[in-house]
2 protein chains.
Amino acid sequence: MDKKYTIKDIAQMAGVSKGTVDRVLHNRGKVSPAALEKINEVLNVIDYEPNLIARNLKSTKVYRICVLLPDPVFDPYWLPCVNGIQDAITEFKAYNVVIETHYFNPESTKSFLKTHEAIVAKSPDAVLLAPLFHKETIEIIKQYEELGIMVNTFNNQVESSSIKSFVGQDLYKSGRVAASLMNLILPKGQIAIIHIDESLKNAVHMQEKERGFRSYFEEKDLSDFSLTTLKLKYTNIENKLPAFIIENPDLSGIFITTSKAYQIASTLSNATDKKIALIGYDLIDKNVSFLNQGLVHFLIHQNQKRQAYLGVSTLVEHFLFRKDIPETILLPIDIINVENASFYVS
Amino acid sequence: MDKKYTIKDIAQMAGVSKGTVDRVLHNRGKVSPAALEKINEVLNVIDYEPNLIARNLKSTKVYRICVLLPDPVFDPYWLPCVNGIQDAITEFKAYNVVIETHYFNPESTKSFLKTHEAIVAKSPDAVLLAPLFHKETIEIIKQYEELGIMVNTFNNQVESSSIKSFVGQDLYKSGRVAASLMNLILPKGQIAIIHIDESLKNAVHMQEKERGFRSYFEEKDLSDFSLTTLKLKYTNIENKLPAFIIENPDLSGIFITTSKAYQIASTLSNATDKKIALIGYDLIDKNVSFLNQGLVHFLIHQNQKRQAYLGVSTLVEHFLFRKDIPETILLPIDIINVENASFYVS
DNA sequence: AAGAAAAATGTGCTCGAACACACCGTTTTA
DNA sequence: TAAAACGGTGTGTTCGAGCACATTTTTCTT
């Protein structure tokens, strides 16, 4: 039943040589109808699975996979991705795979394109990229396609037919999860949706989350709540946020659509004694610290590490084991509070 | 830097034959001090990592791993485990590994021991087991130890020095997570902790969860709450639970320590119109269905599938890649509500 | 029918680790 | 002194897939 057949076994059973079996298995032609039928008969009876170990031992082809992602120096948000990629490198170091990371400045489309050029120069077999800039992403994916380089994306979902595979999260749904939690904490009152980001690269990102968040309240017809959107920049939080709180005495909850919840929590703790519910994203150290202090109530874990890991590993397994690359992998939307946070930080 | 060295390379560099290098690498002796030093010099300079593919291709040794777990026929709780094991089988089918599942009747220690005997007869290299029965588990682990069979456990944590490795969840903490959620739903009132199980095999299990749950409320000194423990059997829920509700008009929340939340939800929906907060365990279909209906508020995901998968895969990787088996792997305590449930059911 | 071309088939080497075995030189033993 | 024992070393084979190349068989051509 679970006996493992080799090409040699098949050859013997069909009364031909292993070379002929090999040609049939790989459709290399040059096989007589008689031999073809004999071999197919055998193949239909037994359950042949090529030994992947032997195959990968033989193959001298080295697969090169490049990762195009923002430099964590500019935004620590990307740090877990580096670890995820490192995990993949460790796991596959025994195989003929080279995985390279190429950083770009997330503030600069120029840097994005330049790093892209550097990758093209390496002529990799596949690229995993964080498609931060919509227009430019479409452009470079077109280039990769022309060069026959396989592309996988992660973190940011880009609507385009040219993108065949994506690893990430359903941002709309994650907004809804945040809303459901907010609805649990608060009976009523005003809720602010705060978009805070140095640049506005994440615009689509944040809007999706807001859309999900609002949809929840609209759907449930929770008229005791009022929702306000607020856009802040890193530089003006300390001015604008306290002012906003004074102007809106009914404010009782804040949903932060980026990983910068700690900035809000920090400013808030200085500005007011009022208890305001905070829900944000990502288990970065500063956020977890405020979670432990009780100033942030929930964090939604986007699991960038696993996103990056899966982004790479699906590509590697495609080359090594001929596995299909799934069109979309949506990671679960992990709900984190002070009680379960420790199990997620790695 | 990342060049991969082979034994042949080392032999050449040290000016000896690959046989000698092999003897040094495996401490097989029969090597002159002079040759030993030459080879060690080379090994100190370069970073040799044996090619695991080649090693596993050569080795004809077939590793046999047996899993001892309750038959899902008796309790569907164990069904995801079977899938997790199947995943491991698929992943490692290319290697010389045989993974066998052996079921026992979770109601019967006799069946447990008998299945154990059947496994011993197979003389496996390692065993993964769900240690449902404390005394018997200690006993059979002793036997495995004497036979030199490696043992890994999952799902149930057993306090014993003879157990060297475990994959599961921190049940005390999961009780705390449940409590923190309950505290969010309810401002005050009576909360029932319901232990419901056909047999009482899970006694320690359930007590740990209760302990964690209670610890949260004690710690926070939430005197507006009162906690009551209730033990029910499958057969008497429909009688006892409605009676309990009438006797306790202040009851506003129930924490079910097993995967049987659906039984409570079902009985409850027939017995009363009162809105009672329900928190339970495990994403089995019936539970998810009540979650979607809004009758169950939160479920805690124990991820048995991954438990079983990791239990097996750590063993396999130990044999194939000489990886260490971690002493304890504690899976995250996933918080599930109606908004994020769909991402966890697989 | 002979020779050339084409088609079909088989052989043999490679990948890297592991290990059995053969070999050689020195020392020990009968 | 010859043979056995031993420490040390190198050679060769194996695992299964993949592919280049050699060899055989068939078909076509003149």
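In what follows, chains are A, B, ... by sequence order, proteins preceding strands, each numbered from 1.
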J.: So what does I7(B) hit on the nucleic acid, given a heavy-atom distance under 4.0 Å: a base, only sugar-phosphate, or nothing?
T.: sugar-phosphate

J.: Centres of the F104(B) and H116(B) rings: under 6.0 Å?
T.: no

J.: Picking from L69(B), N156(B), T137(B), what satisfies side chain to side chain contact (heavy atoms under 4.5 Å, CB included) with L132(B)?
T.: N156(B)

J.: So, does the side chain of K58(B) form a donor-acceptor pair with the base of dG16(D) at under 3.5 Å?
T.: no

J.: Think S32(B) has a side-chain N or O under 4.0 angstrom from the OP1 or OP2 of dT9(D)?
T.: yes

J.: Could you say whether I53(B) or G19(B) is positioned toward the 5' end of DNA chain C, judged by the nucleotide with the nearest heavy atom to each?
T.: I53(B)

J.: Less than 3.5 Å apart, any donor N or O on the side chain of Y309(B) or E91(B) sitting next to an acceptor on the other?
T.: yes

J.: Taking the ring of Y103(A) and the ring of F112(A), is the distance between their centroids below 6.0 Å?
T.: no

J.: Given that R322(A) and S17(B) both sit by DNA chain D, which one's nearest nucleotide is further toward the 5' end?
T.: S17(B)

J.: So for K18(A) and dG18(D), does any side-chain atom that can act as donor or acceptor lie under 3.5 Å from a complementary atom in the base?
T.: yes

J.: Where the side chain of L57(A) is defined as all heavy atoms beyond and including C-beta, which of dA17(D), dC15(C), dG8(D) is the nearest nucleotide?
T.: dC15(C)

J.: On the side chain of K4(B), is there an atom forming a donor-acceptor pair with the base of dG16(C) - under 3.5 Å, no angle test?
T.: no

J.: Is the gap between the ring centers of F319(B) and Y63(B) under 6.0 Å?
T.: yes

J.: Kindly express the pairing pattern of DNA chain D in dot-bracket notation, using | wherever a base pairs with another strand and counting only Watson-Crick or G-U pairs under 3.5 Å.
T.: ||||||||||||||||||||||||||||||

J.: If you pin Y48(A) and V16(B) to their nearest nucleotides in DNA chain D, which one's is more 5'?
T.: V16(B)

J.: Using a heavy-atom distance cut-off of less than 4.0 Å, which residues of residues 20-31 of chain A contact DNA chain D?
T.: D22(A), H26(A), R28(A)

